[in-house]
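Predicted model only: the values in this text are computed from it and were never measured. Letters A, B, ... are given to chains in the order of the sequence lines, protein chains preceding strands, and every chain is numbered from 1.
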2 protein chains.
Amino acid sequence: MNDIKQFLRSNALRPTKQRIVIAGYLFDGTDKHVTAESLSTELAKRKHIISLATIYNTLHDFYENGLLKKLTLSADRVYFDTNTDDHHHFYSEKEQFLIDINKNIKVNGLPKTPKNKKINKVEVIVHLDK
Amino acid sequence: MNDIKQFLRSNALRPTKQRIVIAGYLFDGTDKHVTAESLSTELAKRKHIISLATIYNTLHDFYENGLLKKLTLSADRVYFDTNTDDHHHFYSEKEQFLIDINKNIKVNGLPKTPKNKKINKVEVIVHLDK
DNA sequence: ATATCAGTTTAGAATGATTCTAAAGTGTTG
DNA sequence: CAACACTTTAGAATCATTCTAAACTGATAT
């Protein structure tokens with residue numbers, strides 16, 4: 001609890017009740033993939049009612065501070081990933097199935113980067129089913 | 001023109017005025033990345049006013065028939081790609097910059113596919129800037 | 001040719017995730 | 001504990017996309 005407060009403070013985030021609850025859930029040691037909606041549902045199960053606006057705000061605050069990764073897998077919702085290490089994903093749109101690939105993947109044969117651009121990250125999505 | 005009609009018919013799509021115009025634009029020989037909005041704008045420039053609903057319908061019809069690929073790069077719009085070969089992309093969200101990587105890319109070190117799942121495709125997105 | 005009908009197009013409404021607004025609430029600092 | 005900047009929130013607004021259901025049109029049979 002005080003750990004969480006310190007954790008938030010050390011990321012320039014004021015430790016409000018809501019952020020403490022959300023951080024407590026998200027950063028409990030197990031990697032998680034959440035959407036605003038799924039997070040809201042999970043917190044509600046735990047009797048923590050936090051407005052959706054705050055959930056969106058908080059996810060973005062955490063994201064801006066590098067505490068979460070943002071995943072764009074489907075056009076109709078944004079996933080946030082608590083695993084901020086460089087990694088990739090298996091993804092099944094049909095089944096909402098999403099798991100990390102932590103194993104070291106190498107992408108070979110990339111052409112040279114377009115002029116005046118810099119590579120931010122190389123993302124590999126392994127689409128399943130269909 | 002008759003080519004386009006045949007092309008549509010051979011894909012089980014009735015060659016309507018609108019589909020002929022859209023196919024004529026999309027499949028003119030140069031690879032294109034479009035969104036419903038950008039397609040609508042391009043056609044309007046050419047004095048072809050087609051309702052957005054039809055543009056959405058047509059893009060999906062073409063997609064369902066394998067004439068287009070769907071790209072999920074950003075959460076706020078869907079891109080369709082006239083290049084249906086297996087390929088990858090450079091992408092800059094900030095600049096709406098999107099180009100094909102046709103070169104043969106190899107992804108090594110993938111872990112084994114989750115039980116009872118099948119790989120549909122391996123997608124590599126090289127994110128630029130940030 | 002023409003009637004017929006399934007497949008299409010369309011305007012406008014509806015949807016749904018996300019963002020915005022602006023008013024009320026709350027950490028933090030002195 | 002005063003004062004203020006930062007947060008939270010309900011509800012409205014936004015925006016891409018989908019839906020609805022009425023009008024339209026390509027294909028087929030006569």
Side-chain angles (χ1 to χ4, degrees), chain A residues 1-2 4-25 33-44 48-65 67-68 70-80 93 96 98, chain B residues 1-2 4-25 33-44 48-65 67-68 70-80 93 96 98:
Chain A
M1 172 63 172
N2 275 317
I4 296 177
K5 285 193 180 183
Q6 273 321 307
F7 171 73
L8 289 169
R9 261 191 273 265
S10 70
N11 282 286
L13 291 165
R14 190 184 286 189
T16 64
K17 290 194 200 73
Q18 294 81 179
R19 285 176 177 163
I20 291 169
V21 166
I22 295 174
Y25 170 72
H33 300 111
V34 302
T35 62
E37 209 61 49
S38 78
L39 178 54
S40 171
T41 303
E42 282 309 311
L43 296 178
H48 291 117
I49 305 304
I50 296 179
S51 78
L52 255 189
T54 296
I55 287 180
Y56 276 103
N57 288 341
T58 304
L59 287 172
H60 284 124
D61 293 340
F62 287 3
Y63 170 68
E64 294 302 332
N65 283 279
L67 304 179
L68 294 173
K70 197 193 284 191
L71 304 180
T72 306
L73 299 168
S74 126
D76 56 349
R77 77 186 118 270
V78 173
Y79 287 90
F80 288 92
E93 179 152 27
Q96 299 274 101
L98 173 60
Chain B
M1 171 63 170
N2 275 317
I4 296 176
K5 284 194 180 183
Q6 274 321 308
F7 171 74
L8 290 170
R9 261 192 273 266
S10 70
N11 281 286
L13 292 165
R14 189 184 290 188
T16 63
K17 290 192 199 75
Q18 295 80 182
R19 284 175 178 165
I20 290 169
V21 166
I22 295 174
Y25 170 72
H33 299 111
V34 302
T35 63
E37 209 62 48
S38 78
L39 178 54
S40 172
T41 304
E42 282 308 311
L43 296 178
H48 291 118
I49 305 305
I50 297 179
S51 78
L52 256 189
T54 297
I55 287 180
Y56 276 104
N57 288 342
T58 305
L59 286 172
H60 284 124
D61 293 341
F62 287 3
Y63 170 69
E64 294 302 332
N65 283 280
L67 305 179
L68 293 173
K70 197 193 285 192
L71 304 179
T72 307
L73 299 167
S74 125
D76 55 351
R77 79 187 116 268
V78 173
Y79 288 89
F80 289 92
E93 179 151 27
Q96 298 274 98
L98 174 59

Separation of D:dT7 atom P from A:Asn65 atom CG, nearest Å, is 10 Å
Separation of D:dA16 atom C1' from B:Phe80 atom CZ, nearest Å, is 12 Å
In terms of heavy-atom contacts, B:Glu42 and B:Tyr25 come closest through CG-OH, 3.3 Å
When rounded to whole Å, the CD1 to P distance for the pair B:Ile50 and C:dT9 reads 8 Å
Tightest non-hydrogen contact, residues B:Ser74 and A:Thr72, listed as C-CG2, 3.4 Å
With sequence neighbours left out, the residues meeting ring-ring contact (aromatic ring centres under 6.0 Å, His included) with B:Phe7 are B:Phe27
Rounded to whole Å, CZ of B:Arg77 lies from C1' of C:dT18 at a distance of 14 Å
In whole angstroms, the gap separating C1' of D:dT8 from CG of A:Leu8 amounts to 15 Å
Shortest non-hydrogen pair, A:Ser40 vs A:Leu52, comes out as CB-CD2, 4.2 Å
(message) Could you tell me if the side chain of A:Thr58 sits less than 4.5 Å from the side chain of A:Leu39, heavy atoms only?
(response) no
Whole-Å distance, B:Ile55 CD1 to C:dG12 P, equals 16 Å
- Would you say a side-chain N or O of A:Thr54 is under 4.0 Å from OP1 or OP2 of D:dT8? no
The single option from A:Leu67, A:Thr54, A:Leu68, A:Val78 that satisfies side-chain contact (heavy atoms from CB on, under 4.5 Å) with A:Leu59 is A:Leu68
By nearest-heavy-atom nucleotide on DNA chain D, the more 5' of A:Ser51 and B:Val78 is A:Ser51
note: A:Asp76, atom CG; D:dT14, atom C1'; distance rounded to Å ~ 17 Å
In whole angstroms, the gap separating P of D:dT9 from CG of A:Leu59 amounts to 13 Å
Counting primed atoms, P, OP1 and OP2 as sugar-phosphate and everything else as base, the B/S/- map of nucleotides 18-30 of chain D against protein heavy atoms under 4.0 Å is BB-----BBS---
Sorted by position of nearest nucleotide on DNA chain D, 5' first, the leading residue of A:Gln18 and A:Ala75 is A:Gln18
As a check of understanding: the bend across the helix from C:dA1-D:dT30 to C:dG30-D:dC1, end axes from five pairs, rounded to 10 degrees, works out to 30°
field: Test item: A:Glu93 and A:Leu73 side chains (from C-beta on) under 4.5 Å apart, heavy atoms
entry: no
Value for CG (A:Leu8) from CG (A:Asn65), rounded to nearest 0.5 Å, stands at 9.5 Å
Determine yes or no for a side-chain-to-main-chain donor-acceptor pair under 3.5 angstrom, with A:Arg19 supplying the side chain and A:Arg14 the backbone. yes
